[in-house]
Protein chains: 2
Amino acid sequence: MKNKNETDSAPSMNIVRNEGGNEPKVKTVHIGQQVKAIRTQNKFTLEEASRRTGLAKSTLSKIENEQISPTFMVLQKLAAGLEIDLPQLFTQPSKVQASGRRDITKANTGKAHLTPTYEHELLATELSNKKMLPYKTCIRSRSFDEYGDWIRHEGEDFLFVLEGDIQLFTEFYEPVLLSKGDSAYYDATMGHAVISISEQDAHILWVTST
Amino acid sequence: MKNKNETDSAPSMNIVRNEGGNEPKVKTVHIGQQVKAIRTQNKFTLEEASRRTGLAKSTLSKIENEQISPTFMVLQKLAAGLEIDLPQLFTQPSKVQASGRRDITKANTGKAHLTPTYEHELLATELSNKKMLPYKTCIRSRSFDEYGDWIRHEGEDFLFVLEGDIQLFTEFYEPVLLSKGDSAYYDATMGHAVISISEQDAHILWVTST
DNA sequence: AAATTAAGTTTCCTATAGGAAACTTTTATG
DNA sequence: CATAAAAGTTTCCTATAGGAAACTTAATTT
């Protein structure tokens, strides 16, 4: 059945999502397998899992065999009873996540990325899905005015001065002067900007968390 | 068989969970509020959310008002239709996370941390709960043998050579020579170690993701 | 303010989730 | 191997989730 008798009319709804009458197609997470994996890893029998979660063992069995789609209430009992975080039920057990990656970037061979105010050299660009984005930057800007507005983005920034003198502007603090060897760490959602104040170009190393 | 011969007794590890026969008491996550918040933030009407998720608007209404406990199948449709990650439905919207922090570390004023092989200078130590741990390190070791075993830890490492020449050993790759300005990014769960191969001491900047 | 439209809620019904117990399968024991 | 015990599955029933449509409320227009 799943008789999806489409809402009459509604001609304009052209999201083109599931024309043709088939379902929106959700990439199915096999929660049953997850539950079973967690239970067996803990060496629980269905009976014991039943005790811990307060769910009937028949229910647990059906869930593990994907015969039913547990309600949210049941999911919560499961998580509480098996002492796991809810999100853990959905993320693949993926101990498989990469763990042997490496990327070397020799000096001045990074991937150039130019902006009016900065001259970025992105590092370690061969790797994707990194937790940090490192880049070496040459500061061109000499005045705060050159920035139309604060720079903001998700995550946190670590900044290390390699050469020259810079001034770091941040939304909630007074500007601060940084010279070679100095560093700063700040929440990147806070507005920020950097200008060079030395004769020669200033170079900094920047690492942004994702 | 794992039967360690302790049938019931097992005094040492009883989790003391719900003696007394009452329910396990689950801290309820109000998923309805979450859904409503996400929908309204996106300025969707129930009707539009219905189109996007393939769920009846009556169902959506009931979910938002906590009148029913959606099944996992419905949760998936919700997440897909509203284009959010499933876990996002359970974690509090917590925009409350800190977002105006800043910490400046002037050159050579970090917190020293010595090991037989490295001489670390921890940076930005005034801030806790950082997503990255930055430190400047002077490499003392001159031979791989000085390391009893590989160094490993959670997360990823970014390494930038500030001064001198080093050799980076990693578990799954051939050793590589790095000089001033070179950098490396690698999974820190992979065994790794660094030795200095230059006359003078080698200095590197290290950033570890957490 | 009545009429119109759009938003959200409730009703009513069918499909299905969850629980208790019977049943089947697997593992241990004489 | 027979038997007992334990672990897992299926059945059957009741409670409840989900969908269509009726209904109510809120926002616009006339």
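Letters A, B, ... are given to chains in the order of the sequence lines, protein chains preceding strands, and every chain is numbered from 1.
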Residue whose closest nucleotide on DNA chain C lies nearer the 5' end, A:Ala56 versus B:Thr40: B:Thr40

Atom [atom1] of [X] and atom [atom2] of [N]: how far apart are they, to the nearest Å?
| X | N | atom1 | atom2 | answer |
| --- | --- | --- | --- | --- |
| A:Lys77 | C:dA17 | NZ | P | 16 Å |
| B:Glu66 | D:dA17 | CD | P | 12 Å |
| A:Glu64 | D:dT9 | CD | P | 7 Å |
| A:Lys43 | D:dG8 | NZ | P | 13 Å |
| A:Leu55 | D:dG8 | CG | P | 16 Å |
| A:Glu47 | C:dA21 | CD | P | 12 Å |
| A:Leu78 | C:dG19 | CG | P | 10 Å |
| A:Ile63 | D:dT9 | CD1 | C1' | 14 Å |

If you check every side-chain atom of [X], which of [options] has the closest atom?
| X | options | result |
| --- | --- | --- |
| A:Ser69 | C:dG18, D:dG18, C:dA17 | C:dA17 |
| A:Ser61 | C:dT9, D:dG18, D:dT10 | D:dT10 |
| B:Lys57 | C:dG19, C:dG8, D:dA17 | C:dG8 |
| B:Leu46 | C:dT9, D:dA17, D:dG8 | C:dT9 |
| B:Lys62 | C:dT11, D:dG8, C:dA17 | C:dT11 |
| A:Thr45 | D:dA7, C:dG18, D:dG18 | D:dA7 |

Is the shortest side-chain N/O distance from B:Thr59 to OP1 or OP2 of D:dG19 below 4.0 Å?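 Yes, because at least one side-chain N or O of B:Thr59 sits under 4.0 Å from OP1 or OP2 of D:dG19.
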
Can you check whether A:Arg39 has a side-chain N or O nearer than 4.0 Å to OP1 or OP2 of D:dA7? no

Map B:Ser58 and B:Gln67 onto DNA chain D by nearest heavy atom, then report which one ends up closer to the 5' terminus. B:Gln67

Aromatic contact between A:Phe169 and A:His192, with the criterion being ring centroids under 6.0 Å apart: yes or no?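 For A:Phe169 and A:His192, the ring centres are not under 6.0 Å apart.
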
Quick one: pull up OG in A:Ser198 and CG in A:Asp165 and give me the separation to the nearest 0.5 Å.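 A:Ser198 OG to A:Asp165 CG: 5.0 Å, rounded to 0.5 Å.
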
Any luck finding a side-chain donor-acceptor pair between A:Tyr185 and A:Glu156 under 3.5 Å?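 Yes, A:Glu156 and A:Tyr185 have a side-chain donor paired with an acceptor closer than 3.5 Å.
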
Using the six-membered ring wherever Trp is involved, compare the ring planes of A:Trp206 and A:Tyr118 and label them parallel, tilted or perpendicular (cut-offs 30° and 60°).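 Ring orientation of A:Trp206 relative to A:Tyr118: perpendicular.
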
Flag this pair as yes if the NZ/CZ of A:Arg102 is under 6.0 angstrom from the six-membered ring centre of B:Tyr173 and inside a 45 degree cone about the axis; otherwise no.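 A:Arg102 over B:Tyr173 ring: yes.
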
